[in-house]
Undergrad: 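I'd like to ask some things about the structure below.
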Amino acid sequence: MLYVVDLSSNNPGPYDFIKARKAGVAGCICKVTEGVGYRNPVFETQWDDSKAAGMVHGCYHYAESGINTAIQEVAWFLKNRPPLYLNDMIALDMETAGNRFSAEWAYKWLQMVESAIGYKPMIYSYLYYVQTYLQDKRLAQYPLWLADYGKTLPSSVPPWNSVALWQYTENAHVNGLPYSVDESELARNLDGLKKLGKLHV
């Protein structure tokens, strides 16, 4: 089984990503931005060191959709994102301020970022949020990274036919990484993980 961890400033290091990779962690997705004014102060270390260890890696934006417009948050994310290379993943984290506008907000963000970077970002959320606020078939074209701490991965989460990544715990203890971390299982093999990111240089 292969795993993906996601890190933010709540996981300040030090890191030994080589040990983590040997322990079965194939990928690392790092928080880069939030809202329109926050940038993860340890992002560069997380991003550069996980890449140097040979991990498939990516970055995510944490939405404050109840405060800002999608256009504002896209601009902040694109201003602060790193250069993107082969297999680098992008994700939108939707988990706060859920309301009847959330699906439209998420679709606008994903669509605009896809246009800017040339490939589809993922969308991250937890099961209740998806079932309550993200019931828009247009979102299903973007791979779903699902947080659900049940015993088994849901086979489908409408409007998605399948789940790309399953975050099954927020309390994983991984060799080489300090503190507990969020960890996801791949619903695919390593090549499938790479296809969630940039496919062409």
Undergrad: Could you see if Ile123 belongs to whatever hydrophobic cluster contains Leu84? Use Ile, Leu, Val, Met, Phe, Trp, Tyr and a side-chain cutoff under 4.5 Å.
TA: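 Yes, it is one cluster - the side chains of Ile123 and Leu84 are joined through contacts under 4.5 Å.
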Undergrad: I need the minimum non-hydrogen distance between Lys19 and Gly176, along with the two atoms involved.
TA: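 Closest pair (atom of Lys19, atom of Gly176, distance): CB-CA, 3.9 Å.
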Undergrad: Hey, is the main chain of Gln46 close enough, under 3.5 Å, to the side chain of Ser50 for a donor-acceptor pair?
TA: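 It does hold such a pair.
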Undergrad: Where do Trp166 and Lys151 come nearest, in terms of heavy atoms and distance?
TA: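 Smallest interatomic distance, heavy atoms only, reads CH2-O, 3.7 Å.
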Undergrad: Is it the case that over 12 heavy atoms from other parts of the model lie below 6.0 angstrom from the CG atom of Leu2?
TA: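 Check passes, neighbour count above 12.
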Undergrad: Could you check whether the rings of Tyr3 and Tyr168 sit parallel, tilted or perpendicular, using 30° and 60° as the cut-offs?
TA: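 Tyr3 vs Tyr168 ring planes: tilted.
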Undergrad: Do Met89 and Leu86 sit in the same hydrophobic cluster, where Ile, Leu, Val, Met, Phe, Trp and Tyr count as joined when their side-chain heavy atoms come under 4.5 Å apart?
TA: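 No, separate clusters.
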Undergrad: Just grab all the side chain to side chain donor-acceptor pair (under 3.5 Å) pairs involving residues 86-99, residues at least two apart or on different chains.
TA: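 Counting only pairs at least two positions apart or across chains, the side chain to side chain donor-acceptor pair (under 3.5 Å) contacts touching residues 86-99 are His57-Asp88.
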Undergrad: Is it the case that the side chain of Asn11 and the backbone of Ser8 share a donor-acceptor pair, with hydrogens and angles ignored and the cut-off at 3.5 Å?
TA: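 At least one qualifying donor-acceptor pair exists.
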Undergrad: Would you say the side-chain atoms of Arg138 pair up with the backbone N or O of Tyr107, donor to acceptor, closer than 3.5 Å?
TA: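 Such a contact is absent between Arg138 side chain and Tyr107 backbone.
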Undergrad: Apply the ring-ring contact (aromatic ring centres under 6.0 Å, His included) test between Trp109 and each candidate in Phe77, Trp76, Tyr62; give the one that qualifies.
TA: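 One option only clears the test, and that one is Phe77.
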Undergrad: Determine, using the 4.5 Å side-chain heavy-atom cutoff (strictly less than), whether Val5 and Trp47 are members of one ILVMFWY cluster.
TA: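 No: no chain of side-chain contacts under 4.5 Å links Val5 to Trp47.
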Undergrad: For the residue pair Leu7 and Tyr60, what are the closest heavy atoms and their distance?
TA: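 The pair with the smallest heavy-atom distance is O-CE2, 3.9 Å.
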Undergrad: Are the side chain of Trp105 and the backbone N or O of Asn68 linked by a donor-acceptor pair below 3.5 Å?
TA: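 Yes.
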Undergrad: Less than 6.0 angstrom from the centroid, inside 45 degrees of the normal: does Lys120 satisfy that with respect to the ring of Tyr142?
TA: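 Satisfied, under 6.0 Å and within 45°.
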Undergrad: To check you understand the geometry: which heavy-atom pair defines the closest contact between Thr33 and His61, and what is its length?
TA: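 For Thr33 versus His61, the nearest heavy atoms are OG1-ND1, 2.7 Å.
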Undergrad: From Leu110 CG over to Gln141 CD, what is the distance, rounded to the nearest 0.5 angstrom?
TA: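 It comes to 8.5 Å.
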Undergrad: Give me the atom names and distance for the closest heavy-atom approach of Pro178 to Tyr15.
TA: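 Looking at all heavy atoms of both residues, the shortest contact is CD-CD2, 4.2 Å.
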Undergrad: Return yes if some donor-acceptor pair links the side-chain N/O of Ser9 with the main-chain N/O of Asn40 below 3.5 Å, else return no.
TA: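 Pair absent, no side-chain N/O of Ser9 close to backbone of Asn40.
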Undergrad: Looking at every non-hydrogen atom in both residues, tell me the closest pair between Pro143 and Pro121 and how far apart they are.
TA: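 Result for this residue pair: CD-O, 3.5 Å.
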